[in-house]
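To start, the structure under review is shown below, and the notes come after it.
Quick note on labels: first sequence line is chain A, next is B, and so on, each numbered from 1. Hydrogens, waters and symmetry mates play no part in the numbers below; they use all other heavy atoms, side chains included. Since this is a predicted model, take the numbers as computed values, not measurements.
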Number of protein chains: 2
Amino acid sequence: MNPNVLPRTRAARKPFEVRRAEIVRKAASFFAQFGFDATTRDLASWLGTTQPLMYRYFPSKNALVEEIYQSIFVGAWKREWDGMLTDRARPLRERLVEFYDQYTNVIMQPEWMRLYLFAGLRGVEITGLYIARVEERIIRPVMLEMAAEHGTVVTPENEARLLELAWSLQGGIFYYGVRKYVYGTAVHQEKRQVIEAAVEIYTSAWPKA
Amino acid sequence: MNPNVLPRTRAARKPFEVRRAEIVRKAASFFAQFGFDATTRDLASWLGTTQPLMYRYFPSKNALVEEIYQSIFVGAWKREWDGMLTDRARPLRERLVEFYDQYTNVIMQPEWMRLYLFAGLRGVEITGLYIARVEERIIRPVMLEMAAEHGTVVTPENEARLLELAWSLQGGIFYYGVRKYVYGTAVHQEKRQVIEAAVEIYTSAWPKA
DNA sequence: GTTATTATTTATCGTGCGATAAAGCTAGGG
DNA sequence: CCCTAGCTTTATCGCACGATAAATAATAAC
């Protein structure tokens with residue numbers, strides 16, 4: 001017997017690719033809330049369909065999960081961010097604030113943040129690759145621009161220190177999102193203000209040597 | 001049939017409280033690695049005992065998990081930290097570096113960090129309480145000491161901004177641990193150096209107003 | 001309008017889970 | 001040395017999980 005109290009109305013018939021894309025999108029939101037150990041039956045109920053339907057579109061639960069990883073971690077980066085940090089026609093602080101404002105508009109959402117942490121805790125390989133890419137695309141450019149702005153010469157000796165300093169800026173911003181979207185605690189300011197304050201601190205106190 | 005290849009030797013008989021404490025301690029380490037959805041059978045194998053043994057000491061898996069939460073989140077704070085940040089006989093930077101050095105000696109370990117995030121993602125109530133306590137015991141004192149050092153008057157208008165600034169410092173340090181212990185990526189400096197650099201940035205660039 | 005196609009559902013399988021009951025074994029008291 | 005208390009194990013239950021097969025129904029082609 002079907003455990004649902006109300007008899008389900010048959011799900012609307014949809015073209016293969018439409019349904020498939022819908023499953024990936026909604027399943028991401030579902031797993032972000034309940035973790036990847038949530039069941040395919042609950043997922044189907046969330047989708048408004050039945051459990052075996054998923055297996056027409058994905059060979060296994062894990063195949064679906066892998067596709068969610070791809071959509072989140074590979075699809076997150078936007079083309080226009082690439083030159084944003086290094087455009088020296090604009091003041092550095094302005095570049096940093098605008099970049100982090102836009103970048104966090106994408107990643108600082110409950111879905112993205114939670115999936116990122118769920119996947120990290122699971123030891124999913126792609127999260128390590130994601131961090132490596134963040135270092136090359138964000139941390140290192142930020143560090144180099146900071147150094148250029150302050151006349152700091154980057155050497156093999158101080159590179160590690162300067163990279164970690166740029167990571168600290170990133171971490172200070174990121175943890176704001178963790179508090180808000182993972183732990184659900186009250187924060188005291190809006191995202192934009194937090195970014196501005198953190199960027200201000202780092203640009204004004206960047207070490208000369 | 002027992003799936004173990006080698007026939008288990010019977011577990012050494014131990015007094016109730018000894019075995020019980022051992023289960024909590026080792027189970028914390030086990031769940032930190034594999035998440036709270038790991039099975040009680042695997043846990044028993046990890047403990048070197050059998051699965052039903054756990055039920056002599058805890059009425060359910062969840063009761064054991066709750067006890068692990070308590071031991072981690074309530075038992076983490078050390079008495080001597082309480083006056084450390086506010087001891088104005090010492091230079092502020094020195095206080096901050098020493099506090100964060102010692103505090104991170106406790107929390108910046110794979111076990112603590114992973115359980116903290118696992119629990120947070122599960123929506124476990126105690127993590128919200130933990131963050132509230134961190135704000136009262138660390139963030140607010142840090143903010144007030146910073147303000148006092150720089151002659152900043154804390155008002156209802158700027159309090160939110162100053163609190164978030166102190167959170168940024170904490171977040172910058174914390175995220176270093178996330179990278180290292182959750183994502184397993186290479187970091188460029190030792191913890192102590194990262195703390196020193198972050199504290200240096202924040203103490204030298206703290207806003208006057 | 002009939003038929004072919006395929007999206008969707010119902011029914012079910014084997015497995016592994018948390019939990020319980022009962023049997024087995026070991027240390028300490030007499 | 002035996003007996004008993006209680007720690008530990010074996011055996012097992014009911015259930016929910018991922019996955020598959022077969023039946024059903026809605027769309028598309030002609």
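Looking at A/R10, its side chain comes within 3.5 Å of the base of D/dT24 through a donor and an acceptor atom.
The side chain of A/A11 has C/dT9 as its nearest neighbour among D/dA19, C/dT9, C/dA19.
Rounding to whole angstrom units, CD of residue B/E22 and C1' of D/dT8 are separated by 13 Å. Spacing between atom CD1 of A/I23 and atom C1' of C/dT8 amounts to 11 Å, rounded to whole angstrom units. Rounding to whole angstrom units, CG of residue A/D37 and P of C/dG18 are separated by 11 Å. Nucleotide C/dA7 holds its P atom 13 Å from the CZ atom of A/F58, rounded to whole Å. In this structure, the NZ atom of B/K14 is 19 Å from the C1' atom of C/dG28, given to the nearest Å. A straight line from CE of A/M54 to P of C/dA7 spans 16 Å, rounded to a whole angstrom. Atom CD in B/Q51 sits about 7 Å away from atom C1' in C/dG18, given to the nearest Å. Put simply, CG on A/L53 is 16 Å from P on C/dT6, counting in whole angstrom units.
Across all strands, A/P15 comes closer than 4.0 Å to no nucleic acid atom at all (heavy-atom distances). Residue A/R56 is classed as a base contact, given a heavy-atom separation below 4.0 Å to a base. Contact annotation for B/A44: no contact, since no heavy-atom pair falls under 4.0 Å across all strands.
An OP1 or OP2 oxygen of D/dT8 is reached within less than 4.0 angstrom by no side-chain nitrogen or oxygen of B/T50. A sub-4.0 Å separation between OP1 or OP2 of C/dT8 and a side-chain N or O of A/Y57 is present. Contact annotation: A/T49 does not reach the phosphate of C/dT8 (side-chain N/O to OP1 or OP2, under 4.0 Å). At the phosphate of D/dA19, OP1 or OP2 sits under 4.0 Å from a side-chain N or O atom of A/Y55.
Within 6.0 Å of CD in B/E125 there are 12 or fewer heavy atoms belonging to other residues, nucleotides or ligands. Crowding of A/Q102 atom CD: a count of heavy atoms from other residues, nucleotides or ligands under 6.0 Å exceeding 12.
Nearest-nucleotide positions on DNA chain C place A/R19 closer to the 5' end than the other of A/R19 and B/F36. Sequence order on DNA chain D of the closest nucleotides to B/R41 and B/R13 puts B/R13 first from the 5' end.
Donor-acceptor pairing under 3.5 Å is lacking for the side chains of A/R179 and A/T185. Counted by atom type alone, B/K191 and B/T104 present one or more donor-acceptor pairs between their side chains at under 3.5 Å.
Distance CG/A/L64 to CG/A/L43: 6.5 Å, rounded to 0.5 Å.
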